[in-house]
Asks: 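Got a structure for you, written out below as structure tokens; questions coming shortly.
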Amino acid sequence: MSISSQEICILPNKNNLALLQTNGMPGNLYNNCSNLPATPTRLERLLRERELRKYSKCLNDCEAELPSSTQDCFSPDLETSTCWFNDEELLETVSASRSLNDDGERLDFRTSKQRLLVVANRLPVSAVRHGEDSWQLEMSVGGLVTALLGVKEFDTRWIGWAGVNVPDEIGQKALAKALDEKRCIPVFLDEEVVHQYYNGYCNNILWPLFHYIGLPQEDRLATTRSFQSQFDAYKKANQLFADVVNEHYEEGDVVWCHDYHLMFLPKCLKERNSKMKVGWFLHTPFPSSEIHRMLPSRLELLRSVLAADLVGFHTYDYARHFVSACTRILGLEGTPEGVEDQGKLTRIAAFPVGIDSERFIKALELPEVQDHMKVLKQRFAGRKVMLGVDRLDMIKGIPQKILAFEKFLEENPNWCNKVVLLQIAVPTRTDVPEYQKLTSQVHEIVGRINGRFGSLTAVPIHHLDRSLDFHELCALYAVTDVALVTSLRDGMNLVSYEYVACQESKKGVLILSEFAGAAQSLGAGAILVNPWNVTEVASSIGYALNMPADEREKRHHHNFKHVISHTAQEWAATFVSELNVTIVEAQLRTRQIPPPLPIEVAVDRYSCLNNRLLILGFNATLTEPVDTLGRKDSQINEWEPKLRPDLREPLRKLCDDPKTTVLVLSGSARNVLDDNFSDYNLWLAAENGMFLRVTTGDWMTTMPENLSMEWVDSVKNVFEYFTDRTPRSQFEVRETSLIWNYKYSDVEFGRLQARDLLQHLWTGPISNASLDVVQGRRSVEVRSVAVTKGAAIDRILGEIVHNKGMKEPIDYVLCIGHFLTKDEDIYTFFEPELPSEVPASVRPQVPTQVRTSIVGSRAALLMKQNSMSAVEQNKSYAIDGDTLHSMVTDRISLQEGSSVLDLQANDYFSCSVARKRSNSRYRLQSSDEVVTLLRELADHR
Ligand SMILES: O=P(O)(O)OC[C@H]1O[C@H](O[C@H]2O[C@H](CO)[C@@H](O)[C@H](O)[C@H]2O)[C@H](O)[C@@H](O)[C@@H]1O
Ligand SMILES: O=c1ccn([C@@H]2O[C@H](COP(=O)(O)OP(=O)(O)O)[C@@H](O)[C@H]2O)c(=O)[nH]1
């Protein structure tokens, strides 16, 4: 694996380069105990990059003094005051910087601009057709456009829908050409797809659900009926976006998908090219998993998003909800880093968006803005002015805002002619019936209130159903006294940021809904309100209008500092650099995941050899996969582990083969193995090898004699306590261990309980005992330090060799299982070539001398003749190393000087099943693959 220079350029530091350039070793032989250089922590990397960005910005500022001809501005008729997209030349100049390396030498490093494909439903411009091949481009309105226009550090292309149906080729070509000048690439969607995908699935289903509004009330049944066709259109539209991305993608590009319109896109992209760097960001809230689970397509949507490498949200709450949906609905593992599925980690994090604050601050100096400000000041002289700027959307709480204003006027008649509310309500999604209804509703309320409180010369509410241009908007932000944001839910709400940015001289007050993402960043300086509580909003209006200057100043200052430091540029740069880092980390992590078992090779070697040992785990290896993990509807009869019916036949064939010895080695109790395997001719090792039986004989113990079990009662008390308090958790008393599992409980509650339980154990019953607390995926097990599969295997081997009267050494070992890390010493036990750098934690816990002989002679356990059985010898087992060694070496031997194992490196197959990371040589994804493997082996005698 090599890492491109593009990946390296984001971390231009000597140590990091060393880290990134470290190549993986072939296979997985112990490389997770790698000798990689110390990995800088995520925080270290981010801090370093932040410094770098600051440095680059500083240079940027100097470069801004360059003549304006070097800057590539967007179309002057659309946007005169700001640079929308970057000029490559300018950016190259800016990014070429000089620095000192660790040895004090001067280094040149050129952080060439990374290509960024921004994919969003909407382009920053909407197209209006003027003739067969003539188009006019108008700026689109909305927070997503505002946020992304602030992104300036990348070589950006924008892929999206131009908001218009273009059925003819001439029109499409002309539009593509016009957009190309703005570095935009169109996705053409026909009317029917737009209707079903955009108006239907996006804006009538996902949008209201994600904002906790629920499905439209009136046509709920119609929506339910048309759900499937709308979802199909949604997938189709996402595929069309993917096609355009694929067409324009160049190796190394970062592809950044945006919003709820494109939840299917990460999957489409990764299916085509798994190496593509894909990020997905949601601009709306992500609701509680209880809301998300209402969606019939809940699984598909989550899985598709998880195909991305990095998934971002505005706030930690939204990220938490998403992780929770993945654990509760998909049964996946949520970690502090993200969501993990079969070893693949999707990073989930919060990246609160900001605005290009400088653009607003600088705009206030422009003559046209100053002119607007003058007009507005004259027009509203003698009155306090309150401002609302929203798309006319039900999530914005416009009716609630107006009703609160009415209540304020009702309760404060002295303010009636002294305050005015300017409400800018930008029409949006006008084809969706719910939005049409909202427009009439708002008009009706505004008319009523103006009739009630207005006079011949003045009305209290000025309501505009249209958008304003940038200069008008800035002027409004700057001259008004109070901004009123009453969103019922809002991903972030950039209007509140823009208002703060424009208020440096006036220090107006921001009243902000606690349900807007912005409340988390601007809450301390704003007056926070619950928009549903009209009384509270009305009294906050009074508080804001009467607020003394020093309090206004203090609140404003706090928020202003936030707005100018948390910009859109910062947001995008952080997201993209996190995405780059995530991908490098994933590559490092991948090296800890063993490669897939080469089934053909394993089968081929099996058929060539004569004394073959198959060691099989039981749970999650020979049982059905438990895909109901964490679901509340799993039934009690599914809880007992059962041998998969499709394994019966191959297992029987293998057991009946005289050249093969089959050993089922499990943590389960004896009765569980009896119930499942009594009918087969094989060896059973229960309780991690502490009990052994050939199915034609009785159970014997291989337990070390002095194994102390004094701790059991006190640990049992703790386990019982938690079993009582955790619905659907189970507690199992085995003879050598106790195990509590919560795999059928509520995942999050189970995890909390497990944390609590561990605390109880560590501070109580086990604090002084020689015990191991083993944490499984959804279990906690307590057992003696000496109880592991690896520690038991030599005693088991001795008994098998003796019992079978083996004359030839074992020449083939296949050892597969879903083993806990503690039990992975079984893999290492057989390892013919144990590299010296393997750390102690992965070495088998067998006595030193035995280990030495394994290392020194490719698993040749040289032993003296002794024919006494293990059971006879059992009483002399001792846990102290040398004694055990001498007993073992006495016992397992074929004849003087020969070995029980004659294992060539290529004839040993250790293989983990359904585990993320492992010390095994190979892996199988699930027990389904175990079935395939055992069938193949059974057919090759
Ligand atoms: O394109 P439309 O369907 O007309 O809608 C406009 C945009 O509305 C939403 O904006 C969100 O993004 C903002 C920036 O992150 C955020 O501040 C705001 O709270 C969100 O509502 C929508 O998510 C966009 O996709 C639309 O383009
Ligand atoms: O007449 C208008 C009114 C609003 N906006 C912009 O629309 C965006 C609204 O973003 P917000 O995050 O507040 O909400 P969204 O509409 O995205 O849900 C802000 O950047 C405003 O500057 C605009 O360009 N023209």
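Order of listing sets the numbers, starting from 1, for every ligand and every atom in it. Residues: numbered from 1 along the sequence shown.
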Asks: Hey, do the aromatic rings of Trp161 and Phe241 have their centres closer than 6.0 Å?
Replies: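 No, the ring of Trp161 stays outside the 6.0 Å limit from the ring of Phe241, centre to centre.
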Asks: Heavy-atom distance under 4.5 Å between the side chains of Phe227 and Leu295, does that happen here?
Replies: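 Side chain of Phe227 against side chain of Leu295, heavy atoms only: contact under 4.5 Å found.
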Asks: Not counting sequence neighbours, which residues clear ring pair (Phe, Tyr, Trp, His ring centres under 6.0 Å) with Phe281? List them please.
Replies: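 Partners of Phe281 by the ring pair (Phe, Tyr, Trp, His ring centres under 6.0 Å) criterion, ordered by chain and then number, come out as His283, His314, Trp571.
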Asks: Between Phe380 and His462 (judged by ring centroids, cut-off 6.0 Å), do the two rings come close enough to count as a pair?
Replies: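 Yes, they do, as the ring centres are separated by less than 6.0 Å.
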Asks: Nearest to atom 12 (O) of ligand 1 by heavy atom, Arg122, His283, Met492, His258: which?
Replies: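 Nearest option to atom 12 (O) of ligand 1, by heavy atoms: His283.
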Asks: I'd like to check whether Ile395 has a polar contact with ligand 1, where a contact means an N/O of the residue lying under 3.5 Å from an N/O of the ligand.
Replies: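 No, there is no polar N/O contact under 3.5 Å.
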Asks: What orientation do Phe231 and Tyr201 show, parallel under 30°, tilted 30 to 60°, or perpendicular over 60°?
Replies: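 Phe231 vs Tyr201 ring planes: tilted.
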Asks: Where the closest heavy atom to atom 23 (O) of ligand 1 is concerned, which of Asp259, Asn203, Asn121, Asp393 has it?
Replies: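 Closest candidate by heavy-atom distance is Asp259.
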Asks: So is Asp490 polar-close to ligand 1, meaning N/O to N/O under 3.5 Å?
Replies: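 Right, the criterion is met.
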Asks: Once you measure the plane-to-plane angle for His321 and Tyr212, does it fall in the parallel (<30°), tilted (30-60°) or perpendicular (>60°) bin?
Replies: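 His321 vs Tyr212 ring planes: perpendicular.
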Asks: Please name the residue in the list Val500, Ile527, Leu510 that meets the side chain to side chain contact (heavy atoms under 4.5 Å, CB included) test with Arg555.
Replies: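 Testing each of Val500, Ile527, Leu510 against Arg555, the sole residue satisfying side chain to side chain contact (heavy atoms under 4.5 Å, CB included) is Ile527.
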Asks: Please identify each residue that fulfils side-chain contact (heavy atoms from CB on, under 4.5 Å) with Leu282, with sequence neighbours left out.
Replies: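 side-chain contact (heavy atoms from CB on, under 4.5 Å) check on Leu282 returns Phe210, Asp259, Tyr260, Trp280, Thr284, Phe286, Phe313.
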Asks: Would Gly491 count as being in polar contact with ligand 1, using the rule that some N or O on each side must be under 3.5 angstrom apart?
Replies: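 For ligand 1, there is an N or O atom that lies under 3.5 Å from one belonging to Gly491.
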Asks: Should Glu498 be listed as contacting ligand 2, given a heavy-atom distance under 4.0 Å as the test?
Replies: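 Under 4.0 Å: yes for Glu498.
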Asks: Flag this pair as yes if the NZ/CZ of Arg429 is under 6.0 angstrom from the six-membered ring centre of Trp207 and inside a 45 degree cone about the axis; otherwise no.
Replies: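 Verdict for Trp207: a cation-pi partner in Arg429.
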Asks: Quick one: look at Ile355 and ligand 2, take heavy-atom pairs under 4.0 Å, and tell me if it's side chain, backbone, both or neither.
Replies: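 Looking at Ile355 and ligand 2, no heavy atom falls under 4.0 Å.
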Asks: Give yes if a backbone or side-chain nitrogen or oxygen of Leu468 is under 3.5 Å from a nitrogen or oxygen of ligand 2, and no if not.
Replies: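 Checking ligand 2 against Leu468, an N or O pair does fall under 3.5 Å apart.
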Asks: Should you measure from each heavy atom of Val389, which atoms of ligand 2 turn up under 4.0 Å away?
Replies: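 It comes down to these atoms of ligand 2: 3 (C), 4 (C).
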Asks: Counting only heavy atoms, tell me which of Leu476, Thr284, Asp259, Leu494 gets closest to atom 12 (O) of ligand 2.
Replies: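 Closest candidate by heavy-atom distance is Leu494.
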Asks: Please work out which of Trp161, Tyr198, Phe210, Trp207 has its closest non-hydrogen atom nearest to atom 2 (P) of ligand 1.
Replies: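 Looking at heavy atoms only, the winner is Tyr198.
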Asks: Identify, by atom number and element, the atoms of ligand 1 in contact range of His314, meaning under 4.0 Å from any of its heavy atoms.
Replies: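 Going through ligand 1 atom by atom, the ones under 4.0 Å from His314 are 15 (O).
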Asks: Please identify which atoms of ligand 2 are closer than 4.0 Å to at least one heavy atom of Val426.
Replies: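 Going through ligand 2 atom by atom, the ones under 4.0 Å from Val426 are 1 (O), 2 (C), 3 (C).
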Asks: Between Ser304 and Met263, does the side chain to side chain contact (heavy atoms under 4.5 Å, CB included) criterion hold? Intermediate values first, please.
Replies: CA-CA 6 Å; Ser304 316; Met263 293 177 83; 5.7 Å; no
Asks: Show which atoms of ligand 1 fall inside a sub-4.0 Å distance from at least one heavy-atom site of Arg429.
Replies: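 Near Arg429, meaning under 4.0 Å from one of its heavy atoms, ligand 1 has 2 (P), 3 (O), 5 (O), 6 (C), 8 (O).
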Asks: Give yes if a backbone or side-chain nitrogen or oxygen of Thr284 is under 3.5 Å from a nitrogen or oxygen of ligand 1, and no if not.
Replies: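 Thr284 vs ligand 1: no N/O contact under 3.5 Å.
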Asks: Has Lys396 got any heavy atom lying under 4.0 angstrom from an atom of ligand 2?
Replies: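 Right, Lys396 reaches ligand 2.
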Asks: Does ligand 2 come near enough to Arg391 that some N or O of the ligand is less than 3.5 Å from an N or O of the residue?
Replies: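 Looking only at distances, the answer is yes, because the N/O contact criterion of under 3.5 Å is met.
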Asks: Can you sort out which atoms of ligand 1 are near Leu494, meaning under 4.0 Å from one of its heavy atoms?
Replies: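 That gives atoms 14 (C), 17 (O) of ligand 1.
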Asks: Is it the case that ligand 1 has an N or O less than 3.5 angstrom from some N or O of Thr428?
Replies: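 Yes, since at least one N or O of Thr428 sits under 3.5 Å from an N or O of ligand 1.
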Asks: Can you tell me which residue among Leu117, Leu116, Leu179, Val118 is in a side chain to side chain contact (heavy atoms under 4.5 Å, CB included) with Trp158?
Replies: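 One option only clears the test, and that one is Val118.
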Asks: Can you list the atoms of ligand 2 that are under 4.0 Å from a heavy atom of Val495?
Replies: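 Ligand 2 atoms under the 4.0 Å threshold to Val495: 13 (O).
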Asks: Would you check, one step at a time, whether the test side chain to side chain contact (heavy atoms under 4.5 Å, CB included) holds for Leu484 with Leu387?
Replies: CA-CA 6 Å; Leu484 193 44; Leu387 177 66; over 6 Å; no
